[in-house]
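Notes follow the structure.
Residue numbering restarts at 1 for every chain, and letters A, B, ... go by the order of the sequence lines. Quick caveat, the model's predicted, so the values are computed rather than measured.
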Protein chains: 2
Amino acid sequence: MAQYSAQHRVLIAVDCIIFGFDGAELKLLVVQRALEPQIGNWSLMGGFVEEGEDPNDAASRVLYKLTGLKDVYMEQLSVFGRPNRDPVERTISVAYSALINIKEYETQLSDAYRAEWIPLKDVPALIFDHDEMVAAAKVHLRYKAALHPVLFELLPEKFTIPQIMVLYEQVYNVELDKRNFMRKLRSTGLLVKQADKDKEGSRKGAFYYKLDQETYKDKFSSFLHFIPQP
Amino acid sequence: MAQYSAQHRVLIAVDCIIFGFDGAELKLLVVQRALEPQIGNWSLMGGFVEEGEDPNDAASRVLYKLTGLKDVYMEQLSVFGRPNRDPVERTISVAYSALINIKEYETQLSDAYRAEWIPLKDVPALIFDHDEMVAAAKVHLRYKAALHPVLFELLPEKFTIPQIMVLYEQVYNVELDKRNFMRKLRSTGLLVKQADKDKEGSRKGAFYYKLDQETYKDKFSSFLHFIPQP
DNA sequence: AAAAAAAAATGTCAAAATGACATTTATGTT
DNA sequence: AACATAAATGTCATTTTGACATTTTTTTTT
């Protein structure tokens with residue numbers, strides 16, 4: 001017996017929901033589809049899982065091809081397998097959510113895929129069920145970030161408190177209280193204050209911080225409650 | 001163009017990690033594999049996704065075949081797709097975690113699959129990567145149940161406070177404080193006290209409770225924190 | 001050089017939630 | 001009637017939360 005003979009075989013794809021944050025707005029990295037059908041339409045970056053390839057590795061490969069980045073924070077979201085989601089042929093897709101430090105990416109920018117960062121709230125309709133994937137990724141991101149310091153993955157190595165706060169406000173579409181938010185942030189022990197300031201954003205300038213990598217790893221999985229009753 | 005011609009097609013399976021609770025112990029429903037290879041060995045209940053079938057529906061179908069139950073609480077866990085996880089042929093599996101009220105199932109018991117409830121801590125080695133699936137399901141269950149009242153899915157319609165507490169203690173392998181746990185539980189507004197008592201478990205008897213279905217739906221997604229820093 | 005403008009940084013207090021802990025209550029058994 | 005068993009309940013000190021306003025730093029303007 002070399003095969004489960006009677007069974008039905010399908011294509012497996014991966015699709016990446018790629019979030020980025022430029023200091024002011026939360027954005028999504030989308031591409032213009034390179035093959036028929038729907039060639040030229042907006043789409044998530046994706047690709048087929050190849051022979052002998054783990055789907056997780058396929059997602060990393062696809063992300064690397066687009067961004068040139070490795071070791072990106074990425075999580076498996078869920079499987080999208082509605083029978084006719086791809087009109088050409090039955091394809092089951094595994095959706096992955098990735099968080100990118102947008103500055104790092106910009107230096108790697110490649111035009112090969114006609115990729116664009118689009119503010120999350122302006123993202124146009126995407127092909128197939130990619131809109132649903134994005135919706136699921138947004139829900140997941142909100143859930144995750146309410147409890148775990150995952151949004152730091154979107155920030156550069158040195159960042160300021162006002163930047164983080166704007167980021168949280170973007171993700172949850174709320175206004176936060178500076179004092180309470182900062183108290184919470186401090187209490188996590190995640191931040192290491194730097195001596196210099198970011199003078200871009202204001203006259204006074206805001207102190208830079210870095211992540212305490214040790215604490216970050218230790219506390220990543222505990223419940224930190226950044227957002228009051230999200 | 002009718003196909004993405006050059007691509008590699010694979011089998012898609014679903015596997016169900018099925019939890020049950022008999023009032024004293026947390027158990028897993030496992031079966032003895034019906035086909036080669038590894039026929040007769042312990043395995044999760046699973047099956048192939050059929051033509052035109054959504055993977056979620058496949059999981060429901062597989063669960064129904066085994067237990068005769070519909071509308072069971074079930075969540076997609078994640079994809080297991082390591083290239084040689086199934087030695088016969090490349091098969092990518094979507095793992096689902098299900099929570100079953102064990103009493104309901106017992107009335108439906110069918111011998112067709114040589115299924116058995118095995119205490120979670122005594123589960124033998126399973127075929128392929130099913131051990132990893134179970135491990136992932138345990139992690140997920142702990143995570144989920146720390147925040148959401150999902151464990152009630154394991155209990156019968158009428159249950160007692162001591163029963164719930166034992167269940168939480170089983171899931172987290174800790175001892176909880178009766179008074180604090182009960183205070184937390186009350187504060188959720190999930191419980192409706194019944195007039196009668198369960199006299200099985202003790203002389204004094206423990207009052208039965210039911211879930212307030214409205215509140216359950218409303219609060220299911222909010223963060224309730226049943227477990228102090230899990 | 002002084003005043004104004006802009007955003008960052010910080011502190012207080014009352015209310016709510018938590019964690020630690022021991023006693024009383026109800027019922028069947030001896 | 002006394003005993004054994006498990007269920008049910010209450011208190012207090014500590015911590016965490018949420019609401020809220022002022023001071024500080026620096027650049028720009030006059």
Side-chain angles (χ1 to χ4, degrees), chain A residues 23-25 146-149 155-156 158-170 172 174-210 219 222-230, chain B residues 23-25 145-149 155 158-170 172 174-210 219 222-230:
Chain A
E25 255 186 326
L147 301 168
H148 306 287
L155 295 169
K158 279 165 58 174
F159 49 81
T160 68
I161 306 274
Q163 277 169 24
I164 313 174
M165 213 175 92
V166 172
L167 176 50
Y168 274 90
E169 290 179 331
Q170 289 273 320
Y172 293 96
V174 292
E175 288 208 353
L176 296 173
D177 181 275
K178 267 190 289 202
R179 296 156 284 187
N180 295 341
F181 183 75
M182 189 149 180
R183 178 178 57 196
K184 172 57 78 173
L185 219 47
R186 283 184 189 292
S187 76
T188 64
L190 287 169
L191 300 187
V192 184
K193 192 172 185 170
Q194 304 301 111
D196 52 339
K197 282 181 170 183
D198 163 40
K199 301 284 215 157
E200 308 268 303
S202 71
R203 289 179 186 171
K204 182 177 176 183
F207 279 103
Y208 279 119
Y209 287 81
K210 287 187 182 178
K219 295 210 174 166
S222 44
F223 295 142
L224 298 173
H225 295 281
F226 293 98
I227 301 295
Q229 287 307 329
Chain B
E25 253 188 326
L147 301 168
H148 307 287
L155 294 170
K158 280 165 60 175
F159 49 81
T160 69
I161 306 274
Q163 277 168 23
I164 313 173
M165 215 177 89
V166 172
L167 176 51
Y168 274 89
E169 290 179 331
Q170 289 274 318
Y172 293 96
V174 292
E175 289 209 352
L176 296 173
D177 182 275
K178 266 190 289 197
R179 295 155 286 189
N180 295 341
F181 184 75
M182 190 150 180
R183 178 177 57 197
K184 173 56 83 175
L185 218 49
R186 285 182 188 292
S187 78
T188 63
L190 287 168
L191 300 188
V192 183
K193 192 171 185 171
Q194 305 301 112
D196 51 338
K197 282 182 169 182
D198 164 39
K199 301 285 215 157
E200 309 267 303
S202 70
R203 290 180 184 170
K204 182 177 175 182
F207 279 104
Y208 278 119
Y209 287 80
K210 286 187 182 179
K219 295 211 175 163
S222 44
F223 295 143
L224 297 173
H225 295 282
F226 292 98
I227 301 296
Q229 289 306 332

Original post:
What's the CG-C1' distance between B/Asp198 and D/dA7, to the nearest Å?
Top reply: 11 Å
**OP:** Summarise how protein sits on nucleotides 22-30 of chain C as a single string, 5' to 3': B when a protein heavy atom is under 4.0 Å from the base, S for sugar-phosphate-only contact, - for no contact.
**Re:** B--BBBBS-
Original post:
Taking side chain as C-beta onward, heavy atoms only, is A/Asp198 less than 4.5 Å from A/Phe159?
Top reply: no
Original post:
What is the pairing partner of D/dT30, taking Watson-Crick or G-U wobble pairs with both distances under 3.5 Å in any strand?
Top reply: C/dA1
**OP:** State whether B/Lys158 and B/Asp196 are salt-bridged, where the test is any N-O pair (Lys NZ or Arg NE/NH1/NH2 against Asp/Glu carboxylate O) under 4.0 Å.
**Re:** yes
**OP:** Look at the rings of B/Tyr172 and B/Tyr168 and say which category their plane angle falls in: under 30° parallel, 30 to 60° tilted, over 60° perpendicular.
**Re:** parallel
**OP:** Quickly work out the A/Asp196 CG to D/dT25 P distance and round it to whole Å.
**Re:** 17 Å
Subject >> Rounded interatomic separation in angstrom, taking CG from B/Leu185 and P from C/dA17 >> reply: 15 Å
Original post:
Is the shortest heavy-atom distance from the side chain of B/Lys197 to the side chain of B/Lys204 under 4.5 Å?
Top reply: yes
Original post:
Which nucleotide sits closest to the side chain of A/Arg183: D/dG18, D/dC20, C/dG19?
Top reply: D/dG18
Original post:
Is a side-chain N or O of B/Glu175 found less than 3.5 angstrom from the main chain of B/Glu169, in a donor-acceptor match?
Top reply: no
Original post:
Do B/Phe223 and B/His148 make the cut of ring centroids closer than 6.0 angstrom?
Top reply: yes
Original post:
In whole angstrom, what separates A/Phe223's CZ from C/dT18's C1'?
Top reply: 17 Å
Original post:
Side-chain donor-acceptor pair under 3.5 Å between A/His225 and B/His225, yes or no?
Top reply: yes
Original post:
Between D/dA6 atom P and B/Met165 atom CE, what is the distance in whole Å?
Top reply: 13 Å
Original post:
Looking at D/dG18, C/dA8, C/dT10, which one has an atom nearest to any side-chain atom of A/Met182?
Top reply: C/dT10
Original post:
When the distance from CG of B/Asn180 to P of D/dA8 is rounded to whole Å, what number comes out?
Top reply: 16 Å
Original post:
What's the CZ-P distance between B/Phe159 and D/dA7, to the nearest Å?
Top reply: 15 Å
**OP:** Would you mind reading off the distance between A/Lys184 atom NZ and D/dT17 atom C1', rounded to a whole angstrom?
**Re:** 8 Å
